[in-house]
Each structure stands twice: as C-alpha cells, then as structure tokens.
Novice: 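Below: one structure in structure tokens.
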Amino acid sequence: MSAHESPEIVLEMRDVHKAFGAKVVHRGVSFSLRKGEMLGLFGGSGTGKSVLIRSIIGLEQPDRGEVLFEGRNLLTLTERQLYKVRTKIGFVFQNGALFDSLTVEENLAYPLRAHTTLTDEEIQARIEKMLELIDMKGTNDLLPNELSGGMQKRAGMARATILEPSVILFDEPTAGLDPVNTRRLTGNITKLKDRGITGIFVTHDIPAAFEICDRVAILREGVIHVIDTVENIKRSKDPFVQSFVQGAYYT
Ligand SMILES: Nc1ncnc2c1ncn2[C@@H]1O[C@H](COP(=O)(O)OP(=O)(O)OP(=O)(O)O)[C@@H](O)[C@H]1O
Ligand SMILES: [Mg+2]
C-alpha cells in the first residue's frame, strides 16, 4: 500500500510518560489508531490502561509526550477547545456513567440538549433509534436502578455514543456481565463498528476483544509491549503474549 492510500490516523500517542508521585505508570507509550479501526488494549490490573484512555480526553495530564487527535496535540489545547474535542470522543467508563436520578430517556437526551441544536422531535427520534440499536426499546421511563447490569452497561454505551462521536473509548464494558449480556454488548459494539466508528476497547475479556478488534496492544511495565493484528497476536511466539492470550496472565 502506498503512503497516500494508508488510512488516516485519528489518534496518536507519542512517548507519553506519566507518574503519580513515585509510582511510574507510563514510561514512553506510543501508538496510533487508524480511522475505522478498533484497538483492543490489554494489560494486567494496574498497568495503566484506564489512565491511558483517560489521558485521551484530558482527565489525566501526562507528564510528557504528545496525545494527538486529528493531528492536534490535546495537551496544548485550552479548556474550551478540549470541551469541543470531547464531544467527538465517546467514553464508556469502567463503572457505567448514567445519572441515577434520570430515566433512560433523560440520560440519553442530556448530551443532545447540552451539545446540539436538535429539536425535541429530532432528539426523540435519535433516542428511539438508539434504544433500538441497543435492544432496549420501551425502556424510556425506567431509572438506572430498575435496569439489569447488562442494560445499564448498554445504556451507558448509548449515552456515550448518542452524539455520534468519531472515536469511542471503552473501559472494560463487559466486566461483570454474564455471557449472554457480554454477547449483546459486543454485538452492539460491532454494529457501531460497522458504521465506521474508531475506538479503543480496554478489556480483560480476550475472546470478546478478538471478536471485535482489528489490532491488539498489550501494556506492560509502562510501555506498549506489543501491538499487532489479532491474527498475529494469536500466532505470536512471545511467551508473555502467549500467556496473555491463553488467559494465564491475570495480574
Ligand atoms: N489519581 C491517581 N493517583 C495515584 N495513583 C493513581 C491514580 N490513578 C491511577 N493510579 C495508579 O496508576 C496505576 C494504573 O492505574 P489504572 O487505573 O490505569 O490501571 P488499569 O490498567 O486500568 O487496571 P484495571 O485493569 O484494574 O482497571 C495504578 O497503580 C493506580 O493505582
Ligand atoms: Mg482500569
């Protein structure tokens, strides 16, 4: 493939370093994400996966390095510019992110009211379409605590994507879900992917990642130990990668 045919890079980290006091989390993280690509991000607990994706939306400040979104270094943007960028990046938090006192419909309407000039009818139509996409038609008036864990996760994902961001970051969206709900959620993510969304999927659920992702990166000791296609990761002879793929590596 010649250079001009290579897919556009949407997101890139260059030599990112981050420490909390004496605790060094990232010691030179670099990778790039191409348009339409879903990147699985693996790593033991505490290796800095959440910190990494939080850095992409400015919830963490790297100590050094660059985080580029659509070619602009996010670390040099003003709060106002960053706010705008955040509307283009959906974030599905590790522990869901619905407002407890708002219904499903109100939760979904919230970003649309805050960030768009859509009319009430248009908002309603967008919500109905989204509820259908996540298999939650008719749940409009339910409160988060009236939903199952799986539904809460899917509603959280819907809220993160209702502004139709170009990039979505998932932090362990299938954690704590049973196999049926995991499949539903991964099915929903696949639908988003079919619409061309670009994303990072942080997970300990390796089979789910292999199903959804194009490439996989493994974070280890502060750096990206490996980043490659799912096929190559599965075939890797690297003992560390193998132990990960076989689910033998948990910490
Ligand atoms: N605000 C903070 N202050 C101090 N230390 C922090 C802070 N946030 C994260 N850390 C530390 O940074 C390291 C990486 O945390 P992070 O949450 O990114 O791990 P993770 O890879 O997402 O783990 P898990 O798989 O358990 O979610 C951990 O050692 C954590 O304790
Ligand atoms: Mg985490």
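All ligand and atom numbering here is 1-based and tracks the order in the structure. Since this is a predicted model, take the numbers as computed values, not measurements.
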Novice: How long is the gap from CD1 on I233 to CD1 on I206, to the nearest 0.5 Å?
Specialist: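 It comes to 10.0 Å.
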Novice: Salt bridge or not between D178 and R183? Use side-chain N to carboxylate O under 4.0 Å.
Specialist: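 Salt bridge absent between D178 and R183.
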Novice: Could you tell me the residue and atom name of the protein heavy atom closest to atom 27 (O) of ligand 1, and the distance to it rounded to 0.1 Å?
Specialist: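 Result for atom 27 (O) of ligand 1: Q94 NE2, 3.1 Å.
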Novice: Could you say whether the N/O atoms of F20 and ligand 1 ever approach to under 3.5 Å?
Specialist: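 Min N/O separation from ligand 1 is not below 3.5 Å for F20.
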Novice: Does an N or O from V51, backbone or side chain, lie closer than 3.5 Å to an N or O of ligand 1?
Specialist: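 Between V51 and ligand 1, an N or O pair is found under 3.5 Å apart.
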Novice: At under 4.0 Å between heavy atoms, which part of V25 makes contact with ligand 1: side chain, backbone, both or neither?
Specialist: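 Contact part for V25 vs ligand 1: side chain (C-beta onward).
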Novice: Between the candidates K49, E60, H26, which shows the shortest non-hydrogen contact distance to atom 25 (O) of ligand 1?
Specialist: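 Residue with the shortest heavy-atom distance to the ligand atom: K49.
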Novice: Are R54 and ligand 1 in contact, using a heavy-atom cut-off of under 4.0 Å?
Specialist: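 Checking ligand 1 against R54, which is what was asked, there is no heavy-atom contact under 4.0 Å.
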Novice: Where's the contact between K23 and ligand 1, heavy-atom distance under 4.0 Å: side chain, backbone, both or neither?
Specialist: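 Looking at K23 and ligand 1, just side chain atoms fall under 4.0 Å.
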Novice: Is the backbone N or O of M38 less than 3.5 Å from a side-chain atom of D214, with the two atoms forming a donor-acceptor pair by type?
Specialist: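 Yes, because the side chain of D214 sits within donor-acceptor range (under 3.5 Å) of the backbone of M38.
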Novice: Please list, in number order, the atoms of ligand 1 under 4.0 Å from a heavy atom of H204.
Specialist: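 Every atom of ligand 1 under 4.0 Å from some heavy atom of H204: 25 (O).
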Novice: Can you hop from M136 to Y110 via hydrophobic side chains spaced under 4.5 Å?
Specialist: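 No.
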Novice: Could you grab the distance from atom CD1 of I127 to atom CG of L112, nearest 0.5 Å is fine?
Specialist: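 Rounded to the nearest 0.5 Å, the CD1-CG separation comes out at 6.0 Å.
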Novice: How close does the nearest protein non-hydrogen atom get to atom 17 (O) of ligand 1, and which residue and atom is it?
Specialist: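 Checked against all protein heavy atoms, atom 17 (O) of ligand 1 sits closest to S50 CB, 3.6 Å.
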Novice: Could you tell me if any non-hydrogen atom of G46 lies under 4.0 Å from any atom of ligand 1?
Specialist: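 It does; at least one heavy atom falls under 4.0 Å.
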Novice: Show the atoms of ligand 1 that are less than 4.0 angstrom away from any heavy atom in G44.
Specialist: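 Counting atoms of ligand 1 from 1, those under 4.0 Å from G44 are 21 (O).
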Novice: What residue and atom, counting heavy atoms only, is the protein's closest point to atom 26 (O) of ligand 1, and at what distance?
Specialist: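 The protein heavy atom lying closest is S45 OG, 2.5 Å.
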Novice: Rounded to the nearest 0.5 Å, how far apart are CD1 of I224 and NE2 of H26?
Specialist: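 Separation between the atoms: 8.0 Å.
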Novice: Using 4.0 Å as the upper bound for N to carboxylate O, is an ion pair formed by K49 and D171?
Specialist: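 No, this pair does not count.
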Novice: Of the non-hydrogen atoms in V24 and A19, which two are nearest, and what is the gap between them?
Specialist: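 Heavy-atom minimum between the residues: CA-CB, 3.9 Å.
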Novice: Is there an N/O/S atom in S45 at a distance below 2.8 Å from the Mg ion (ligand 2)?
Specialist: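 Looking at S45, which is the residue asked about, there is no N, O or S atom under 2.8 Å from the Mg ion (ligand 2).
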Novice: Please determine which of L131, L143, I134 meets the side-chain contact (heavy atoms from CB on, under 4.5 Å) test together with V104.
Specialist: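 When side-chain contact (heavy atoms from CB on, under 4.5 Å) is applied between V104 and each of L131, L143, I134, only L131 qualifies.
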Novice: Does some non-hydrogen atom of the protein lie less than 4.0 angstrom from atom 30 (C) of ligand 1?
Specialist: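 Looking at atom 30 (C) of ligand 1, one finds that no protein heavy atom lies closer than 4.0 Å.
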Novice: Taking 4.0 angstrom as the limit and counting only heavy atoms of E172, give me the atoms of ligand 1 inside it, by number and element.
Specialist: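 Every atom of ligand 1 under 4.0 Å from some heavy atom of E172: 24 (P), 25 (O), 27 (O).
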Novice: Can you name the nearest heavy-atom pair linking A209 to F201, along with the distance?
Specialist: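 Of all heavy-atom pairs spanning A209 and F201, the closest is CA-CE2, 3.7 Å.
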Novice: Could you tell me, atom by atom, which parts of ligand 1 come under 4.0 Å of a heavy atom of G48?
Specialist: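 Every atom of ligand 1 under 4.0 Å from some heavy atom of G48: 14 (C), 16 (P), 18 (O), 19 (O), 20 (P), 21 (O).
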